Amino acid sequence: MTTPRPQSRVRAPELSGDVWLNTGGKQLKLAELRGRIVLLDFWTSGCVNCLHVLDELRPLEERFADVLVTIGVHSPKFLHEGEVQAIEAAVRRYEVHHPVLNDPDMAMWSQYAVKAWPTLVIVDPEGYVVHVAAGEGHAEALKRVIEDLVAKHEAKGTLRRGGSPYVPAEEQKHELRFPSKAVATAEGRILVADTGNHSIVEFASDGETVVRRFGSGRRGAQDGPFDLASFTEPAGLALLPNDIAERAGYHVVVADTAGHLLRGIDLRTGEVSTVAGTGKQWRNGADSGKALEIDLTSPWDVAWWAPAGGIVIAMAGNHTLSLFDPVGGGIERFGGTTVEGLKDGQLGEAFFAQTSGFAAAPDKLWLADAETSALRWLDTDGNVHTAVGTDLFSFGHVDGDADKALLQHPLGLAVLDDGRVAIADTYNGAIRRYDPLTREVSTLATGLAEPQGLLLHEGTLLAVESAGHRLTPVATEVTSVDGDAHAVRRPPTVLAPGELEFTVVFTPPPGEKLDDRYGPSTRLEISASPPELLVEGAGVGTDLVRRIKLADGHRDGVLQVVAQAASCDSEAEHPVCRVTRQDWGVPLRFAADGERVLTLVMAGTPR
């Protein structure tokens with residue numbers, strides 16, 4: 001009989017990067033944190049799934065404040081995200097109350113063998129990696145792992161309580177704090193989503209004089225009078241046509257992004273009401289039905305589009321579009337499959353990538369797809385088209401023909417009087433313009449602080465400068481920028497062409513087991529870009545292990561993976577069950593001596 005060898009423990013690599021935030025300038029070392037449980041959150045500020053995780057971690061940080069140290073490792077996808085000023089703004093914008101290490105060259109990402117944003121790594125009080133989880137929805141699992149570690153190391157005498165390295169940054173007061181979108185009312189007033197102050201501000205037509213504020217300024221989801229109601233990081237705003245507003249009982253629809261709700265505002269009474277969503281984030285199951293009974297996921301922008309007969313919602317959290325009927329009170333999936341990517345065609349089969357901005361025209365609905373740095377549109381026949389953009393990994397600031405032009409994480413759009421489209425090219429700090437007739441892209445303005453929204457108001461184009469905390473008029477002088485093309489700097493996985501053993505690791509947390517009461521508990525979907533990269537193994541199955549075959553003759557490509565697992569409490573009479581899901585876009589490079597095994601960890605202990 002052979003005795004199995006014990007699994008070797010993995011020592012956590014030391015912390016390294018160029019700038020520490022929320023520590024008062026102090027550099028932290030893992031050796032100094034011995035005795036504490038350390039949770040590393042590998043994130044990037046433009047990734048909506050990473051923002052979900054920030055909210056999931058808040059209760060854990062509060063519950064385990066005396067034993068847990070959370071450290072955000074900011075490993076940027078886009079060039080702009082690696083700039084110190086940008087990460088400082090992101091930490092303030094999203095109210096991150098733990099130390100953050102900027103990892104601009106993705107050195108720590110590589111040392112910890114991270115493959116996706118977000119990824120969570122738990123280091124035990126003795127300095128060993130004991131748990132890895134990719135994606136979101138791991139809060140309960142993390143709680144159980146931490147409780148297990150507390151019990152184990154308290155018994156061993158290796159747990160140290162008390163003390164925190166977190167030092168809050170100084171805040172400056174602004175009338176607006178990280179605003180995102182703006183619309184003009186029929187009376188000429190301007191409504192601005194004051195995202196960082198969790199409210200909606202109504203300005204006079206000058207864009208400077210505050211008339212009133214909807215929201216108390218506290219995070220929340222309270223309905224009621226304008227001064228008592230609360231929002232949670234609201235973003236998109238849409239005005240209803242007069243006849244629809246009269247029937248619905250409110251005039252403005254608000255995408256209450258981090259609250260996972262749609263809110264209605266009655267501009268006559270100031271009353272705020274919830275019109276769609278439950279307040280819970282959608283992870284699986286129904287996404288169509290009575291609007292107040294359906295979970296939403298980070299609705300980022302909203303637009304009334306007459307051809308659709310309702311409010312189109314950019315459901316950034318799962319890369320889909322939804323359609324809301326303000327009069328009937330229903331909501332339904334409008335487009336997308338939940339797979340992140342750039343694929344045109346019929347609405348129900350198209351791929352989107354964190355759609356974050358709309359601009360409605362009579363015959364088109366223009367879309368800003370942030371993660372593919374793309375400008376796209378939907379026609380009245382239900383077809384999706386791409387004007388600018390190529391994939392999840394290419395970006396830059398290049399003007400000229402649309403086939404060669406590049407954007408960097410755009411978040412806002414506006415249709416100009418002549419039919420051309422203005423683009424808030426957020427991470428380039430620029431306002432760009434696309435001409436549908438000539439297919440030319442040009443630059444209208446540069447040097448802006450993360451513009452996220454655009455509004456054409458009384459002949460003037462206004463930019464919502466989020467990191468500048470203001471509305472800014474944009475001159476329409478056209479320039480041409482011949483900048484650099486960039487690609488996401490995530491290290492590629494080097495594989496050999498041919499047959500490959502592919503595995504997604506999912507280990508239920510302590511006290512849970514896979515839920516197979518109603519059939520298979522796991523699901524795996526694999527595709528590739530370009531599609532011909534996958535000779536065998538594409539499609540959907542229920543096993544997390546699959547033999548795939550990669551075509552010869554390719555230098556590089558992307559493997560797109562969506563994995564899902566259902567687990568339940570193992571001992572409870574009425575078990576609580578949950579679904580864990582993760583999307584990966586794994587950049588590949590091919591070499592004859594490359595690996596013939598690829599393993600992705602959704603949740604489990606590193607091997």
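When reading the values below, keep in mind they use all heavy atoms of this one structure, side chains included, and skip hydrogens, waters and symmetry mates. Positions are given from 1, in the same order as the sequence printed here. Just so we're clear, the structure is a prediction, and the values are computed from it rather than from any experiment.
Side chain of Arg63 to main chain of Lys143: no donor-acceptor pair is present (N/O by atom type, distance under 3.5 Å, no hydrogens or angles). His74 contributes a side-chain N or O that, together with a main-chain N or O of Ser45, makes up a donor-acceptor pair within less than 3.5 Å. At distances below 3.5 Å, at least one donor-acceptor pair connects side-chain atoms of Arg160 with backbone N or O atoms of Arg34. A donor-acceptor pair under 3.5 Å is formed between the side chain of Asp124 and the backbone N or O of Gly127. In this structure, the side chain of Asn22 does not engage the main chain of Val100 through any donor-acceptor pair within 3.5 Å. Put simply, the side chain of Glu340 never gets that close to the backbone of Asp583: no donor and acceptor are under 3.5 Å apart. With hydrogens and angles disregarded, no donor-acceptor distance shorter than 3.5 Å links the side chain of Asn284 to the backbone of Val579. With Asn102 contributing its side chain and Gly82 its backbone, the two residues share a donor-acceptor pair below 3.5 Å. The backbone N or O of Val114 lies less than 3.5 Å from a partner atom in the side chain of Trp109, making a donor-acceptor pair. Under the 3.5 Å distance criterion, the side-chain polar atoms of Asp369 are matched with a main-chain donor or acceptor of Ala353.
Counting heavy atoms from C-beta outward, Thr426 and Phe78 have side chains that stay 4.5 Å or more apart. Contact of the Tyr427 side chain with the Glu81 side chain is registered, since non-hydrogen atoms from C-beta on lie closer than 4.5 Å. Side-chain contact between Thr257 and Leu51 is absent, with no heavy atoms from C-beta onward closer than 4.5 Å. Residues Gln564 and Val504 fail the side-chain proximity criterion, which asks for heavy atoms closer than 4.5 Å. The shortest side-chain heavy-atom distance between His409 and Phe395 does not fall under the 4.5 Å cut-off. Looking at heavy atoms from C-beta onward, Thr372 lies out of side-chain contact with Thr386 at the 4.5 angstrom threshold. Leu544 places a side-chain heavy atom less than 4.5 Å from the side chain of Phe506.
The distance from atom NE2 of His397 to atom CG of Asn428, rounded to the nearest 0.5 Å, is 5.5 Å. Here the straight-line distance linking atom CZ of Phe502 with atom CG of Leu600 works out to 4.5 Å at 0.5 Å rounding. To the nearest 0.5 Å, the span separating CG on Asp41 from SG on Cys50 amounts to 7.0 Å. Annotation: the span from Leu514 atom CG to Ser570 atom OG amounts to 11.0 Å, rounded to 0.5 Å.
Annotation for Ala485 and Val398: closest pair N-CG2, 4.4 Å, computed over non-hydrogen atoms. Of all heavy-atom pairs between Lys77 and Trp117, the closest is CB-CH2, 3.6 Å. The two residues Gly17 and Leu101 have their closest heavy-atom pair at CA-CD1, 3.6 Å. Scanning both residues, Ala591 and Pro497, for their nearest heavy atoms gives O-CD, 3.8 Å. Across all their heavy atoms, Leu524 and Ala563 have their closest contact at CD1-CB, 4.2 Å. The two residues Ala374 and Leu407 make their nearest non-hydrogen contact at C-CD1, 4.3 Å.
Surrounding CZ of Arg589 are at most 12 heavy atoms belonging to other residues, nucleotides or ligands under 6.0 Å away. Atom CZ of Arg555 sits in a sparse spot, with 12 or fewer heavy atoms from other residues, nucleotides or ligands closer than 6.0 Å. In this structure, Lys549 places its NZ atom where only 12 or fewer heavy-atom neighbours from other residues, nucleotides or ligands lie under 6.0 Å away. The number of heavy atoms from other shown groups lying within 6.0 Å of CD (Glu595) does not exceed 12.
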side-chain contact (heavy atoms from CB on, under 4.5 Å) between Phe334 and Leu378: does it pass, once the steps are laid out?
-> CA-CA 11 Å; Phe334 189 53; Leu378 169 64; 3.5 Å; yes
Worked check of side-chain contact (heavy atoms from CB on, under 4.5 Å) between Leu15 and Trp20 | CA-CA 11 Å; Leu15 305 175; Trp20 280 93; 3.7 Å; yes
Please test Glu62 against Arg58 for salt bridge (charged side-chain N to carboxylate O under 4.0 Å, His left out), starting from the C-alpha separation and ending with a verdict.
-> CA-CA 6 Å; Glu62 182 176 353; Arg58 297 184 207 279; over 6 Å; no
Pair Asp256-Leu296, side-chain contact (heavy atoms from CB on, under 4.5 Å): steps then yes or no = CA-CA 10 Å; Asp256 201 10; Leu296 312 182; over 6 Å; no
Would you please test Asp344 and Val384 for side-chain contact (heavy atoms from CB on, under 4.5 Å) and show each step?
-> CA-CA 5 Å; Asp344 291 340; Val384 181; 3.9 Å; yes
Mind running side chain to side chain donor-acceptor pair (under 3.5 Å) on Gln346 and Asn383 for me, showing each step along the way?
-> CA-CA 5 Å; Gln346 278 291 317; Asn383 294 303; 2.7 Å; yes
Apply side chain to side chain donor-acceptor pair (under 3.5 Å) to the pair Asp295 and Thr278, showing each step before the final yes or no.
-> CA-CA 5 Å; Asp295 297 342; Thr278 64; 2.4 Å; yes
Determine, step by step, whether Gln281 and His52 satisfy the side chain to side chain donor-acceptor pair (under 3.5 Å) criterion, reporting the C-alpha distance in whole Å, the side-chain angles of both residues, the deciding distance to 0.1 Å, and the verdict.
-> CA-CA 9 Å; Gln281 182 192 338; His52 294 163; 3.0 Å; yes
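Between Glu140 and Arg144, at least one side-chain N (NZ, or NE/NH1/NH2) sits under 4.0 Å from a carboxylate O, which counts as a salt bridge. Under a 4.0 Å N-O distance rule, the pair Glu126/Lys156 qualifies as a salt bridge. The residues Glu56 and Arg283 are annotated as salt-bridged, a charged nitrogen and a carboxylate oxygen being separated by less than 4.0 angstrom.
Remark: the Glu450 side chain and the His80 side chain contain an N/O donor-acceptor pair separated by less than 3.5 Å. With no hydrogens or angles considered, a side-chain donor-acceptor pair links Lys115 and Thr493 at under 3.5 Å. Looking only at atom types and distance, the side chain of Asp515 has no donor-acceptor partner in the side chain of Ser567 under 3.5 Å away.
Between Tyr112 and Phe42, the ring planes lie tilted relative to each other; the angle falls in the 30° to 60° range. A parallel orientation is assigned to the rings of Trp377 and His385, their planes being inclined by less than 30° (bins at 30° and 60°).
Of the options Leu321, Thr338, Leu323, Leu347, a side chain to side chain contact (heavy atoms under 4.5 Å, CB included) to Arg333 is made by Thr338 and by none of the others.
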